[in-house]
Amino acid sequence: MSETLPVAVVQYEPVHGALAGGIAKNAAEHVRLIEDADSHGSRLVLFPELSLTGYRLDLLSDADCWLVPGDARLDPVREICRRTGITAVVGAPFREASGAARLASLVLHPDGSTETAFKTHLHGQGQELFEPGDGPSLIEVDGWRIALALCFDAATPGHAAAAADAGADAYCVSALYTRNEEHRLALHLGARAMDYRMFTLLANLGGSTSLGESCGLSGIWSPDGLRLKGASGIRTEVVTCLLQRSVVRRFRSK
């Protein structure tokens, strides 16, 4: 069990749409950004919600916009994770083998295995397109227990509470917060960190989206609710930080 965990959150502006090979092209950009994170020693890399397609729910009538189990378009990302020892969390529409449609985070481990986390608290058009998950998913990286959340999950305190009850050391949110949601973003990430005494991480989708322009502000919050590191703008940016287990212990002992 490691006393520290070097992490990176990637604020990402998709460079291509979901159609015309866009998933493969965005996957290539993910590889480049994971290499950047590796140069800073990161062991966990968090990407935003729908990072492989962009926020284009209007395109999901096309089967090529959905990832499926073992999808070969993720092979370059799997390979960079294998070579660097990094665990990467990427976002996409995902269709399970059963046919269930999910708004998903896909966790690509260095050993080639894949785990999935599904958005629990769907809203708007997402309620029509996806089936909800059943709470936070936890993964393990270097002995750290990492809970995964997608966007509106972070707005629901019970989601983070369930993660904390399951022993999470960090709560990782892949999301899209848009302009004029800056205060809401800060409240969600700060409160979840402070209330449940764990690190919170946010990877926000960058640039212009179908829901409006991103407000940026991807970053990392301490268990006291204070922001430790953050993105400087709304474009693609890699933000790195070293999480220390002693900080979690200190705040949980109070």
Side-chain angles (χ1 to χ4, degrees), residues 7-40 42 44-60 62 64-67 71 73-74 76-77 80-81 86 88-94 103-108 119 124-126 148-154 172-182 184-186 188-189 200-220 227 229-241:
V7 299
V9 296
V10 180
Q11 184 168 283
Y12 181 62
E13 180 179 8
V15 294
H16 299 282
L19 298 179
I23 289 177
K25 293 171 183 175
N26 277 308
E29 284 297 301
H30 282 48
V31 169
R32 181 181 67 81
L33 292 163
I34 291 169
E35 289 174 334
D36 186 327
D38 179 55
S39 72
H40 296 277
S42 300
L44 172 68
V45 180
L46 179 69
F47 283 88
E49 182 179 33
L50 297 175
S51 63
L52 287 163
T53 60
Y55 208 98
R56 291 298 308 273
L57 302 186
D58 56 311
L59 298 179
L60 295 187
D62 190 305
D64 287 343
C65 296
W66 294 81
L67 268 71
D71 203 303
R73 290 172 292 183
L74 287 183
V77 185
I80 192 63
C81 291
I86 282 173
V89 181
V90 304
F94 182 75
L103 206 170
S105 288
L106 306 178
V107 185
L108 307 179
K119 189 172 184 175
Q125 190 180 0
L148 301 178
L150 285 107
C151 205
F152 202 66
D153 290 342
C172 293
V173 183
S174 299
L176 169 58
Y177 287 89
T178 56
R179 190 170 294 281
N180 298 321
E181 291 188 316
E182 292 89 347
R184 183 169 173 265
L185 179 160
H188 290 167
L189 276 294
T200 56
L201 286 69
L202 170 68
N204 198 18
L205 208 62
S208 296
T209 78
S210 61
L211 297 184
E213 189 173 61
S214 169
C215 67
L217 299 177
S218 299
I220 300 97
R227 193 169 185 241
K229 297 279 292 287
S232 59
I234 68 168
R235 304 302 177 190
T236 297
E237 185 173 346
V238 177
V239 181
T240 61
C241 189

Do the non-hydrogen side-chain atoms of Ile86 and Asp38 ever get within less than 4.5 Å of each other? yes
How long is the straight-line distance from CG of Asp36 back to OG1 of Thr240, given to the nearest 0.5 Å? 8.5 Å
Please check: side-chain N/O of Glu237 versus main-chain N/O of Ala231, any donor-acceptor pairing under 3.5 Å? no
Determine yes or no for a side-chain-to-main-chain donor-acceptor pair under 3.5 angstrom, with Ser218 supplying the side chain and Val10 the backbone. no
Hey, is the main chain of Tyr55 close enough, under 3.5 Å, to the side chain of Ser210 for a donor-acceptor pair? yes
Decide yes or no for Ile34 and Phe47: does some side-chain heavy atom of the first lie under 4.5 Å from some side-chain heavy atom of the second? yes
Do the charged groups of Arg32 and Glu29 touch, with an N to O distance under 4.0 Å? yes
I'd like to check Leu74 versus Leu52 (side-chain heavy atoms, cut-off strictly below 4.5 Å). Are they in contact? yes
Between Arg227 and Leu189, is any pair of side-chain heavy atoms under 4.5 Å apart? no
With heavy-atom distances below 4.5 Å as the criterion, would you say the side chains of Ser214 and Leu205 are in contact? no
Answer yes or no: is there a donor N or O on one side and an acceptor on the other, between the side chain of Asp153 and the main chain of Leu150, under 3.5 Å? yes
Side-chain contact, heavy-atom cut-off 4.5 Å: Pro93 with Leu50? yes
Is the side chain of Asn26 donor-acceptor paired with the backbone N or O of Pro14 at a distance under 3.5 Å, no angle test? no
Side chains of Cys172 and Val89: does their closest heavy-atom pair fall under 4.5 Å? no
Please check: side-chain N/O of Asn204 versus main-chain N/O of Gly216, any donor-acceptor pairing under 3.5 Å? yes
So Gln11 and Val239, do their side chains get closer than 4.5 Å, heavy atoms only? no
